[in-house]
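For reference, positions follow the sequence shown, starting with 1.
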Amino acid sequence: MRNHSAITMFIILGLTNDPQLEILVFIFLFITYTLSVIGNLTIISLILVDSHLKRAMYSFLQNFSFLEISFTTACVPTYLYSISSGDKTITIKACFSQIFFIVLFGATEFFLLALMSYDRYVAICKPLHYATIMNSRVCRNLILCCWVSGLLIILPPLGLSLRLEFCDFVIDHFCCDASPILKNSCSDTWFIEQLVIFCAVLTFIMTLMCVILSYIHIIRMILRLPSAQQKKKAFSTCSSHMIVVSITYGSCIFMYIKPSAKDEVAINKAVSLLTSVAPLLNPFIYTLRNKQVKQSFHDTLKRLAFLLKK
């Protein structure tokens with residue numbers, strides 16, 4: 001029987017083998033990652049310090065920004081280090097740890113997006129009861145449920161994957177991902193592949209159905225409003241969330257919903273890169289389309305300018 005225990009390291013090929021193109025990729029990812037972290041940290045800080053942003057909506061947004069930072073930090077810095085140092089190796093334990101955090105943060109984001117759609121439903125369809133329904137205790141419990149759900153989604157397939165034996169050590173990706181890991185295995189991965197697909201589809205269907213049902217009720221309520229001004233105001237409270245939902249679902253569906261993990265992952269690499277860049281857009285989407293966040297940002301800048309003049 002062949003001994004596969006000798007394979008303790010993987011080699012991550014990255015996005016390209018061209019050294020000049022790698023430099024461009026490094027600069028691009030470094031800038032987008034830095035701006036993403038700054039932008040999302042700004043949102044987190046504003047919500048922490050501004051008493052006007054203590055509603056449930058902003059509590060969810062704060063957690064969403066934290067997840068965006070965590071998700072990109074789980075994969076981008078490792079790849080940047082790989083490019084800068086030329087060391088493309090990663091231990092199997094580190095690789096599985098990276099997969100754990102990427103999927104945990106990613107799955108939790110989906111549940112949180114579904115929760116945010118429900119929050120918008122309550123705000124628009126039941127405005128008089130909003131403060132009672134979405135009180136601070138309920139918000140904390142709902143956010144905790146999102147994290148627990150994300151953890152429960154990743155544990156079964158990851159637990160089974162830890163027992164796999166590997167015949168190959170090359171990962172055709174820029175980070176550790178389920179597809180190339182299963183592709184490298186010489187064990188029978190059929191059941192794990194089906195479990196990964198099941199967990200992914202379950203997450204997508206559950207959260208997407210919540211989003212769709214919430215927005216069906218929201219649209220019905222908006223259409224019943226008497227004036228165009230009221231309709232516009234109601235729609236504007238959901239527009240940011242709708243844009244982020246479209247970006248997140250649109251990119252991730254192509255990454256994980258597919259017949260077999262043994263398929264080519266070239267398309268996934270490009271989509272994964274776009275998914276890693278997406279957190280840069282979210283702070284701009286929410287700040288540019290939310291008057292309270294913009295006002296809080298301007299007020300904070302004024303206070304900082306005043307302190308600097310002293």
Output yes when a side-chain donor or acceptor of T91 lies under 3.5 Å from a complementary backbone atom of A94, and no otherwise. yes

Return the CG to CZ distance between L80 and F30, rounded to the nearest 0.5 Å. 7.5 Å

S117 side chain to A114 main-chain N or O, any donor-acceptor pair under 3.5 Å? yes

For S65 and I43 the tightest heavy-atom approach is OG-CG2, 3.5 Å

Checking the side chain of Q62 only, and the main-chain atoms of I47 only, is there a donor and an acceptor separated by less than 3.5 Å? no

Which residues share a ring pair (Phe, Tyr, Trp, His ring centres under 6.0 Å) with F101, sequence neighbours left out: F105

For C145 and F111: C-alpha separation, side-chain torsions, deciding distance, then whether side chain to side chain contact (heavy atoms under 4.5 Å, CB included) applies. CA-CA 9 Å; C145 286; F111 288 107; over 6 Å; no

Closest approach of M134 to L142 (non-hydrogen atoms, all atoms of both residues): CE-CD1, 4.0 Å

Do V138 and I133 come close enough that some side-chain heavy atom pair is under 4.5 Å? no

To the nearest 0.5 Å, what is the distance between OG (S187) and CD (E165)? 5.0 Å

Is there a side-chain contact between L213 and Y121 (heavy atoms, below 4.5 Å)? no

Write down the atom of M57, the atom of Y130, and the distance for their closest heavy-atom approach. N-OH, 3.4 Å

Kindly say whether the aromatic ring centers of F169 and F10 come within a distance under 6.0 Å. no

Do any N or O atoms from the side chain of D177 and from the backbone of H173 form a donor-acceptor pair under 3.5 angstrom? no

Are I38 and L46 linked, directly or through other ILVMFWY residues, by side chains that come within less than 4.5 angstrom of each other? no

Interatomic spacing from OH in Y118 to OG in S214 - rounded to 0.5 Å: 8.5 Å

Please round to the nearest 0.5 Å and tell me the distance separating atom CD1 of I192 and atom CD1 of I181. 11.5 Å

Taking the side chain from D119 and the backbone from L115, do they hold a donor-acceptor pair closer than 3.5 Å? no

Test item: I222 and Y215 side chains (from C-beta on) under 4.5 Å apart, heavy atoms: no

What is the distance from atom OG1 of T248 to atom CD of E109, rounded to the nearest 0.5 Å? 6.0 Å

When you measure from the SG of C95 to the SG of C176, is the result less than 2.5 Å? yes

Does a side chain donor of either Y81 or D87 reach within less than 3.5 Å of an acceptor in the other side chain? no

Taking all non-hydrogen atoms of both residues, which atom of F64 and which atom of V244 are closest, and how far apart? CZ-CG1, 3.5 Å

Please step through side chain to side chain contact (heavy atoms under 4.5 Å, CB included) for the pair V211 and F110, ending with a clear verdict. CA-CA 10 Å; V211 171; F110 280 102; over 6 Å; no

In terms of hydrophobic clusters joined by side-chain contacts under 4.5 Å, are L48 and L41 together? yes

Consider only side-chain heavy atoms of I, L, V, M, F, W and Y, link residues closer than 4.5 Å, and tell whether L164 and F191 are in one cluster. yes

Counting N and O atoms only, with roles assigned by atom type, does the side chain of Y79 sit under 3.5 Å from a partner on the main chain of L15, one being a donor and the other an acceptor? yes

Given side chains that start at C-beta, do those of C146 and L112 come closer than 4.5 Å, heavy atoms only? yes

Nearest non-hydrogen partners of N63 and S59, listed with the distance: ND2-O, 2.9 Å

Tell me whether N135 contacts the main-chain N or O of T132 through its side chain, where contact means a donor paired with an acceptor under 3.5 Å. yes

Do I171 and I11 have side chains that get closer than 4.5 Å, going by heavy atoms? no

V122 reachable from I212 in the ILVMFWY side-chain graph, under 4.5 Å edges: yes

For the side chain of S82 and the backbone of T78, is there at least one donor-acceptor N/O pair under 3.5 Å apart? no

Below 4.5 Å, heavy atoms only, C-beta onward: do V76 and T32 meet side chain to side chain? no

Does one hydrophobic cluster hold both V103 and L162, with members joined at side-chain heavy-atom distances below 4.5 Å? yes

Residues I218, R120; criterion side chain to side chain contact (heavy atoms under 4.5 Å, CB included); working and verdict: CA-CA 8 Å; I218 288 170; R120 293 299 82 208; 3.9 Å; yes

Nearest atoms (heavy-atom pairs only) where I102 meets C175: CD1-SG, 4.1 Å

Within-4.5 Å side-chain heavy-atom neighbours: W147 and L67: yes

Report yes if some heavy atom in the side chain of F166 is under 4.5 Å from a heavy atom in the side chain of C186; otherwise report no. no

As an exercise, state the distance from SG of C125 to NE2 of H217, rounded to the nearest 0.5 Å. 7.5 Å

